[in-house]
Every structure is written in C-alpha cells, then in structure tokens.
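Scope of the values below: all heavy atoms of this structure, side chains included, with no hydrogens, waters or symmetry mates. All residue numbers refer to positions in the sequence shown, counting from 1. Note that the structure is a prediction, hence the values are computed from the model and not measured.
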Amino acid sequence: RKLQPEEYRELREKARLRYESLLDKGISSGYHFDQRYQFYFWLLLMSNSGIRPPAGQEERLLLRWEDIKYVNKGKPTERRFLLRKSEKAHLNYEAVILPNAHLYLDELKRLQKDRGVKSTYIFAHTTTRPGFWEKGDPIQSFKKQWNNLLKDCGLDSPVGTPQSEKIVPYSLRAFFLTSRLENSDTLRIEDLAKATGTSAEMIEMLYYDYSTRKRYKPLTEGRQKRES
C-alpha cells in the first residue's frame with residue numbers, strides 16, 4: 001500500500017536510531033552495526049531514486065558501483081544517475097538520484113574503504129561468515145532489517161493481511177513517485193515514467209491523484225480570447 005509521509009518519516013528516524021543505539025553502547029563496527037548502518041542508507045537510496053528494490057533473487061539486479069553514472073562529476077552542478085538493467089519486462093533505464101542522496105552513496109563508499117572492503121557492489125558484507133558469505137560479497141536483501149523496522153514502528157501486518165494492504169519495500173518506490181508528482185507543478189508523468197522504468201498509464205492508475213484545483217494555474221495559463 002501507499003506509504004504516508006508521516007510513516008516514512010518514522011521509518012527513517014527509527015532506522016537511524018537502530019544503528020545509533022549501538023553507537024551509544026560503544027559499538028561502531030562489526031556485523032550488526034554495519035548491517036544496520038547500510039540498511040539505513042539503503043532505505044534512503046530507495047526512497048530518493050524510485051527504483052524497484054532488489055530482492056536478491058536475481059544477482060544481475062543487485063546494485064553495483066559501475067551502475068552509478070555521473071554528469072559534471074566533482075562540480076557543484078554534479079548529477080548522478082543509476083542504471084537499471086531490464087527489470088521485469090522493461091528496457092534498461094537511468095533513474096535519477098536526488099541530489100540530497102549523493103551523500104548517502106559517498107558514505108557507503110567510505111564505509112567500504114574503512115573496512116578494507118573491495119567490492120563491485122554498493123551494499124556488501126564487511127565481515128566473513130564461513131559457509132554463508134565472504135567479505136565483499138553482496139548483501140542479497142535487507143528483508144530481516146525491514147521486517148524488524150516495521151515492528152519497531154508498529155507498521156507490521158498480521159498474518160493473512162492482503163499484499164495490497166501491507167507496507168513492503170516496494171512502498172518506497174511508490175513514495176518516491178507520489179512525492180515527485182506532489183512536489184512539482186511542471187514534472188510530466190511521461191518523464192517520470194521513463195526515469196522509473198514504468199509507463200505513464202501505470203503511474204496514472206496507481207499513484208497520481210489528479211486535482212483540478214491544484215493544476216489551476218497551468219490549466220489557465222496563456223492568452224485567452226474574450227468571447228462575446
């Protein structure tokens with residue numbers, strides 16, 4: 001289901017407090033801290049790019065550093081994009097990464113450097129667990145972290161709840177789409193569709209709450225001829 005702004009703020013705040021609670025105990029590294037820390041930035045990156053959250057079933061869809069594309073790199077006008085490779089039946093597309101989210105990627109890169117991790121993946125294990133993963137292997141998903149966060153926020157759903165009524169990782173994508181539409185009077189649905197690998201028809205059907213009153217200005221702009 002759709003994620004309400006106040007719910008998103010609570011998820012974001014609780015995710016931050018989850019890793020900060022370990023800092024308060026003097027824990028600033030190791031498996032548990034690094035998992036919570038990366039999960040926090042995963043949540044922020046998903047909600048600031050609108051991509052379909054990789055679930056781990058297909059390794060080709062896991063986020064890699066090479067998927068980050070730059071324009072004017074290192075300059076005040078720097079822009080970043082995230083290449084997504086044919087999710088579902090859609091062709092490749094470039095998702096925009098909102099400027100405020102650039103810092104999140106930089107922090108993930110710093111974490112890997114500090115932990116001595118050499119990985120092609122944006123979200124990678126910083127420790128080794130013999131028989132399960134090696135340092136630098138991709139984190140397949142944050143399903144456990146996500147479910148724990150929902151419980152902390154009281155947003156988890158009872159067993160048997162229809163999928164359409166649950167808050168799921170995909171809800172972050174929906175939140176991005178609705179936020180972009182609500183915060184801009186000039187953004188075309190067609191452009192948003194291309195930047196998120198979907199169709200304008202799908203956005204209109206699922207995410208766009210059209211308001212004639214909100215669109216009054218663009219609907220009435222332009223020279224008008226008085227009729228007698």
Side-chain angles (χ1 to χ4, degrees), residues 1-4 6-65 67 82 84 87-88 101 104-105 107-112 114-117 119-176:
R1 70 169 174 84
K2 288 184 178 180
L3 187 62
Q4 300 302 315
E6 62 274 13
E7 293 174 333
Y8 172 71
R9 288 192 292 269
E10 185 174 11
L11 288 172
R12 184 184 62 197
E13 180 66 11
K14 284 289 177 64
R16 182 179 63 81
L17 290 175
R18 282 176 63 79
Y19 80 78
E20 286 188 347
S21 67
L22 294 179
L23 287 175
D24 292 340
K25 298 176 182 178
I27 303 172
S28 59
S29 62
Y31 171 76
H32 292 293
F33 176 83
D34 289 355
Q35 282 281 312
R36 292 186 183 188
Y37 196 62
Q38 290 193 75
F39 171 68
Y40 173 67
F41 289 111
W42 172 87
L43 186 150
L44 294 175
L45 183 59
M46 295 303 105
S47 58
N48 282 274
S49 65
I51 68 170
R52 296 177 180 86
Q57 290 96 339
E58 296 186 64
E59 187 171 337
R60 68 184 181 85
L61 295 180
L62 296 177
L63 304 181
R64 293 169 169 81
W65 290 112
D67 296 332
L82 185 55
R84 300 305 292 145
E87 301 167 332
K88 293 187 175 181
Y104 312 148
L105 288 168
E107 188 60 21
L108 289 165
K109 178 67 78 172
R110 182 202 64 77
L111 178 68
Q112 291 189 5
D114 288 352
R115 301 292 190 261
V117 173
S119 179
T120 59
Y121 298 95
I122 295 176
F123 296 98
H125 287 287
T126 58
T127 61
T128 293
R129 185 179 178 186
F132 291 91
W133 63 76
E134 297 291 327
K135 186 176 182 178
D137 284 352
I139 296 175
Q140 297 293 329
S141 78
F142 287 100
K143 182 178 180 180
K144 183 177 180 180
Q145 295 278 357
W146 176 261
N147 290 335
N148 287 338
L149 179 62
L150 291 181
K151 290 179 181 178
D152 286 351
C153 296
L155 296 173
D156 54 324
S157 302
V159 176
T161 301
Q163 189 73 7
S164 61
E165 297 177 13
K166 293 181 180 180
I167 295 177
V168 295
Y170 208 90
S171 300
L172 298 173
R173 171 177 166 85
F175 180 77
F176 174 87

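- For the atom pair CD (Q163) and OG (S157), the distance works out to 9.0 Å, reported to the nearest 0.5 Å.
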Could you give me the CA-CA distance, side-chain angles and deciding distance for L3 and I167, then say whether side-chain contact (heavy atoms from CB on, under 4.5 Å) is met?
CA-CA 7 Å; L3 187 62; I167 295 177; 3.9 Å; yes
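- A donor-acceptor contact shorter than 3.5 Å is absent between the side chain of R84 and the backbone of L82.
- Between Y8 and L43, the shortest heavy-atom contact is CE1-CD2, 3.8 Å.
- Contact detail for L149 and A15: the closest heavy-atom pair is CD1-N, 3.6 Å.
- For the pair F176/I51, no side-chain contact is recorded, criterion being any heavy-atom separation below 4.5 Å from C-beta on.
- Residues R1 and S164 approach most closely at CB-O, 3.2 Å, considering heavy atoms.
- Distance CG/L155 to CD/E10: 5.5 Å, rounded to 0.5 Å.
- In summary, the side chains of E20 and Y40 do not present any donor paired with an acceptor at a separation below 3.5 Å, with no hydrogens or angles considered.
- Residues F175 and S47 approach most closely at CD2-CB, 4.5 Å, considering heavy atoms.
- Taking the six-membered ring where tryptophan is involved, the planes of F41 and Y37 are perpendicular, since the angle between them exceeds 60° and thus also 30°.
- Rounded to the nearest 0.5 Å, atoms CG (L61) and CD (E59) are 10.0 Å apart.
- For E13 and R9, the salt-bridge test fails: no basic side-chain N is under 4.0 Å from an acidic carboxylate O.
- From L17, atom CG reaches atom CG of L22 across 11.5 Å, with rounding to the nearest 0.5 Å.
- Formation of a donor-acceptor pair under 3.5 Å by the K135 side chain with backbone atoms of R115 is found in this model.
- A distance-only check finds a donor-acceptor pair linking the side chain of Q38 to the backbone of A124 [under 3.5 Å].
- In this structure a side-chain-to-backbone donor-acceptor pair under 3.5 Å is present from R173 to G50.
- When atom types are taken as modelled, the side chain of R36 and the backbone of R18 share a donor-acceptor pair closer than 3.5 angstrom.
- The two residues C153 and L11 come nearest to each other via the heavy atoms SG-CD2, 3.8 Å.
- Note that CG of L172 and CG of L44 are 9.5 Å apart. Values are rounded to the nearest 0.5 Å.
- Counting all heavy atoms, side chain and backbone alike, W42 lies closest to P169 at CH2-CB, 3.9 Å.
- Residues L45 and L105 are in side-chain contact: their nearest non-hydrogen atoms beyond the backbone lie under 4.5 Å apart.
- The closest donor-acceptor contact from the side chain of Q112 to the backbone of I122 lies under 3.5 Å.
- Within the 3.5 Å criterion, the main-chain N or O of L63 finds no donor-acceptor partner in the side chain of D67.
- For the atom pair CZ of F39 and CZ of F123, the computed distance is 10.0 Å after rounding to the nearest 0.5 Å.
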Before you tell me yes or no, could you show the steps for I139 and Q35 under side-chain contact (heavy atoms from CB on, under 4.5 Å), namely the whole-Å CA-CA distance, both residues' side-chain angles and the distance that decides it to 0.1 Å?
CA-CA 9 Å; I139 296 175; Q35 282 281 312; 3.4 Å; yes
